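To start, the structure under review is shown below, and the notes come after it.
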Amino acid sequence: MLSAILASGLAIGAVYALIGVTYNVMFSASRVMSFTAGQLGMLGGVLGSAFILRMGVPILPGLVLTLATCAAIGVATEIVAVRPVLNSLEQHLYVLSTLAFALMIQQLVAIFWSTEPQPFPRLIGIGSGGPEDEKFWLPLVACAAVVGCLEFLYRRTLVGRAFLAIAEDNFAARALGLPERDLRMASYAIAGAIGGVAGFASGEMLLAFFANGGILNFYGFVPVALGGLGNNRGAIVGGLALGVFQQAANFLVGGVFAGVAVFAVFIVVLLAAPQGLFGAAPARRV
Amino acid sequence: MNTTRRTLVLGASTLLAAPAIIRSARADAEPIRFGWLTTMTGPLSAPGIGFDRGVRWAAEQINANGGVQGRKIEVITRDTQGDPTKAVNAVQELINRVKVHSVFGPTNSGEALATTPILARAKIPTLTAGVVDSLIDPAKFPNAFRVAASNTQWDDAVRNYTLKIVKGKKIAITADATGYGTSAVNASLASFKKEGAEIVFDGVIDATQADVTPDMLRMKNSGADVLVSWTVSAGMAARQMNARAAMNWDVPIVGHPALGTGDIARLLDKPANWEKVYMIGYRSSSYDASGKLPPRAQALVDKIKGKVQLDDTLLWWILSGVDGVNLIADAVKETKGDSSSEAIIGYLNGLKGYPGVFGTYRFSPEQHNGFPPEEVVMQQASKRRDGAFDLAPGYT
């Protein structure tokens with residue numbers, strides 16, 4: 001029983017964590033909370049199913065096509081919903097523009113795909129629905145792979161350091177001659193691909209369903225707030241903890257009460273540590 | 001020419017009678033306008049498309065055979081798109097501009113709740129296939145007649161099958177966390193408690209929840225030996241069936257007709273996960289042990305097979321559509337061509353056992369739920385051919 005709850009909790013937690021990382025990557029490059037993060041997760045599942053099951057593309061090329069399309073949609077987010085409002089960040093217009101773009105994506109998927117959940121292909125074929133089933137550990141593997149790749153990118157490559165420079169102080173970075181706009185677009189492409197990975201790896205569990213976008217937007221934001229905005233490690237720990245806690249609440253109290261329990265804990269944590277469990281307290285200029 | 005008193009009286013009588021004669025002649029020639037409201041597009045369109053096939057086929061048959069006393073049936077279809085506002089607008093148009101003689105639909109209960117009072121004010125004979133109990137009230141809506149099962153009949157069928165045939169002792173009742181799901185769980189809970197059954201679990205689950213294993217574990221730990229499901233979500237139903245198999249929990253699932261929708265088959269880990277799942281259905285669309293439908297339904301299927309598509313819809317939707325048109329056509333025929341509201345409503349109120357293809361309807365001025373409760377049965381969700389299902393085990 002415990003293994004079943006842990007397996008599904010960690011799996012769904014890994015998906016929340018990856019969506020949290022998607023939020024963070026977009027935020028670091030632009031100081032914008034883009035509410036398309038969850039839709040990118042949804043698209044990972046829908047596009048994976050469309051390429052592999054409907055169009056008959058083999059699994060690996062299907063994965064590449066899915067990630068490339070999600071990366072392109074990430075770039076489109078930057079061009080359509082983020083860039084036009086960057087000059088007025090203090091008015092928070094990005095909330096409206098990114099939400100509108102996210103809703104547009106969701107409605108288009110509903111129209112051209114389906115409003116009912118559609119099947120996602122078995123990727124490897126390990127397990128028969130129990131805790132050892134691939135649908136539970138694939139999201140964890142994907143999460144670990146993304147963390148590894150991001151660590152390598154940010155710490156071992158020159159381009160990665162440029163991303164960090166932009167995230168730290170984009171005025172100073174521009175003054176040093178870094179191509180801020182190109183780096184921001186690249187960040188959105190990476191974020192799109194990470195969202196796509198989250199949806200693809202969890203497709204067997206979440207299915208290819210247009211309504212997943214809203215849920216992932218919502219629950220993917222919780223680890224960001226819990227872990228501290230822009231803090232990927234915090235998002236990973238927060239996401240995994242959220243998933244396990246949510247599934248435990250489903251077992252202990254169930255149904256709508258589980259949602260209440262999750263948000264009660266979320267509010268308590270934010271009251272105790274407003275900057276998030278892993279975020280640093282904001283420095284005060286004196 | 002001499003004008004006598006006799007010719008004067010004759011001439012005056014002819015003049016007085018002329019408008020009535022002209023009106024009568026026009027009424028004899030005009031078609032019987034059958035307003036047909038259903039959802040033909042959008043996410044709720046599957047039933048509407050099925051009903052529509054039956055409606056069109058029945059009208060075509062009647063018209064091909066000379067109509068009703070020489071009058072054609074004219075089906076005036078309005079696509080409500082699952083939207084109560086569009087349904088209300090369509091009803092207003094059918095009443096005021098098209099001047100229909102009767103209305104069938106909307107087939108979706110949510111829309112019918114909005115249109116029923118309007119049709120009642122206009123006294124238009126209305127047939128409804130919605131299941132919500134409050135759609136039928138002969139005092140408030142003397143024009144409205146239900147030609148399908150009600151929610152109460154569904155509850156009764158599930159409870160009777162669970163307690164008397166499956167012989168469940170500890171019942172778990174669940175649904176998705178929608179308005180319908182929550183009310184269905186409450187109604188089912190009350191229905192089972194009325195019979196003194198032991199309910200060990202009741203609750204709703206978010207239909208988008210990625211994994212329902214924790215909830216299923218709660219049900220299993222509570223000792224449930226039957227799972228009653230009222231979800232209308234194919235995704236949640238499939239997840240419950242997959243979780244049941246992964247837990248090696250050999251418990252029957254009994255409940256809503258959505259347990260048999262085709263989408264479930266594609267979402268199951270393996271086809272065997274659909275075994276021991278029994279859903280609400282109807283005698284007329286249930287195969288007996290010899291693989292035959294009841295005689296009237298079988299005769300119709302034999303007639304329409306190859307002409308009307310059956311494999312992508314549910315047979316009862318088609319059968320109900322056929323009965324809707326035939327009921328109104330027979331009402332006009334039996335009242336000697338009188339298509340007035342009073343005549344049609346009077347005819348329907350007097351039906352003591354109308355032999356339709358979907359059901360045998362009985363109405364009276366006090367009872368407008370015309371579908372016989374004994375014809376609401378449980379079917380095997382996984383055993384489907386041509387839109388009909390095998391009867392669930394335990395029926396004779």
Side-chain angles (χ1 to χ4, degrees), chain A residues 1-9 11-13 15-16 45 49 53 110-111 114-120 122 127-133 135-136 139 202-216 218-219 243-244 246-259, chain B residues 41-46 82 172-178 181-182 185 201-222 232-249 258 261-270 272-273:
Chain A
M1 187 197 312
L2 184 65
S3 61
I5 293 169
L6 267 180
S8 65
I12 191 70
V15 183
Y16 296 155
S49 175
L53 283 185
I111 292 166
S114 171
T115 49
E116 290 294 330
Q118 298 297 313
F120 191 87
R122 286 288 278 177
S128 54
E132 80 296 344
D133 194 282
K135 72 179 174 186
F136 294 124
S202 62
E204 291 177 53
M205 187 172 57
L206 294 177
L207 304 173
F209 186 30
F210 88 111
N212 285 342
I215 294 148
L216 293 178
F218 200 58
Y219 284 109
V244 173
Q246 191 182 36
Q247 289 301 68
N250 278 332
F251 175 70
L252 293 171
V253 289
V256 284
F257 298 109
Chain B
T41 53
L44 303 173
S45 62
I173 306 174
T174 181
D176 51 72
T178 56
T182 308
V185 165
F201 177 95
D202 68 281
V204 293
I205 300 171
D206 187 342
T208 55
Q209 196 171 303
D211 182 36
V212 295
T213 307
D215 305 83
M216 295 289 281
L217 279 169
R218 286 182 75 202
M219 294 178 215
K220 189 179 181 185
N221 290 349
S222 68
V232 292
S233 159
M236 180 175 144
R239 282 178 171 130
Q240 285 190 313
M241 293 174 207
N242 287 337
R244 180 183 65 159
M247 290 158 59
N248 291 317
W249 190 24
T261 53
D263 284 329
I264 288 177
R266 294 180 291 120
L267 300 175
L268 291 172
D269 290 344
K270 47 183 187 286
N273 295 0

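Reminder, nothing fancy here: chain letters follow the sequence lines and each chain counts from 1. On a predicted model such as this, the values are computed, not experimentally measured, just so you know.
- Residue A:Ser128 touches chain B through its backbone alone, counting heavy-atom pairs closer than 4.5 Å.
- For A:Phe120, no part lies under 4.5 angstrom from a heavy atom of chain B.
- Here B:Leu267 pairs with A:Pro117, A:Pro119, A:Leu207, B:Ala238 under the side-chain contact (heavy atoms from CB on, under 4.5 Å) rule; sequence neighbours left out.
- The most heavy-atom pairs under 4.5 Å with chain A, out of B:Arg239, B:Lys220, B:Met216, B:Met247, come from B:Arg239.
- Here A:Tyr219 pairs with A:Tyr16, A:Phe263 under the ring-ring contact (aromatic ring centres under 6.0 Å, His included) rule; sequence neighbours left out.
- Side-chain contact between B:Leu268 and B:Asn242: present, with at least one pair of heavy atoms (C-beta onward) separated by less than 4.5 Å.
- For a residue to count as touching a neighbouring chain, one of its non-hydrogen atoms must lie under 4.5 Å from one of that chain's; by this rule A:Leu206 touches chain B with backbone and side chain alike.
- Looking at B:Ala177, only its side chain comes within 4.5 Å of chain A, counting heavy atoms on both sides.
- Between chain A and the options B:Asn273, B:Val212, B:Thr208, heavy-atom pairs under 4.5 Å are most frequent for B:Thr208.
- Counting only N and O atoms by type, the side chains of B:Asp211 and B:Thr213 include a donor and acceptor under 3.5 Å apart.
- Both the backbone and the side chain of A:Gln118 come within less than 4.5 Å of a heavy atom of chain B.
- Taking all atoms of both residues into account, the shortest heavy-atom contact from B:Val185 to B:Thr174 is CG2-C, 3.8 Å.
- Between chain A and the residues B:Gly235, B:Ala210, B:Ser233, B:Ala207, the most heavy-atom pairs under 4.5 angstrom are made by B:Ala210.
- Using a 4.5 Å cut-off between heavy atoms, A:Leu53 does not touch chain B at all.
- B:Arg266 is not listed as a side-chain neighbour of A:Glu116, based on a closest heavy-atom distance of 4.5 Å or more.
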